[in-house]
Amino acid sequence: MEPLICRRIGFVLGLVLGLAYGTVSNLINRIYMPDIPLYVPPPGVSGLIVMTTLLFALQGLLAA
């Protein structure tokens, strides 16, 4: 397989898995414990999801 195709596949897999992980890990407490106010770091929930997704995509690219 060509290296460019492998890199694209690694990037996309990292993107998809990072989006799934970031969404679940940041929203699970809000879903199951809605009455408990938990601390959220400054980028906010959506910012953390985006950052997690991009970092996983970068890791997928590097691994490929």
Side-chain angles (χ1 to χ4, degrees):
M1 203 181 286
E2 290 186 36
L4 185 59
I5 294 173
C6 288
R7 289 184 184 129
R8 285 184 185 171
I9 291 171
F11 180 79
V12 170
L13 282 174
L15 199 68
V16 169
L17 293 173
L19 180 62
Y21 176 79
T23 303
V24 170
S25 66
N26 284 297
L27 296 179
I28 195 74
N29 288 332
R30 287 183 180 228
I31 293 170
Y32 285 108
M33 298 183 295
D35 297 333
I36 299 173
L38 298 172
Y39 174 74
V40 178
V45 173
S46 58
L48 288 172
I49 291 172
V50 169
M51 287 173 44
T52 303
T53 303
L54 292 176
L55 286 174
F56 268 67
L58 180 64
Q59 288 178 346
L61 183 64
L62 290 174

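What's counted below: heavy atoms across the whole structure, side chains too, no hydrogens, waters or symmetry copies.
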*With sequence neighbours left out, write down each residue that passes side-chain contact (heavy atoms from CB on, under 4.5 Å) with Leu38, or none if nothing qualifies.*
Asn29, Met33, Ile36
*Shortest non-hydrogen contact between Pro42 and Tyr39, atoms and distance*: CD-OH, 3.7 Å
Please table the atom pairs, donor to acceptor, closer than 3.5 Å between any side-chain atom in residues 2-25 and protein atoms at least two apart or in another chain.
unit_1, atom_1, unit_2, atom_2, d
Thr23, OG1, Leu19, O, 2.7
Ser25, OG, Tyr21, O, 2.9
Ser25, OG, Gly22, O, 3.4

N/O donor-acceptor pairs under 3.5 Å from side chains in residues 46-62, not counting sequence neighbours:
unit_1, atom_1, unit_2, atom_2, d
Thr52, OG1, Leu48, O, 2.7
Thr53, OG1, Ile49, O, 2.7

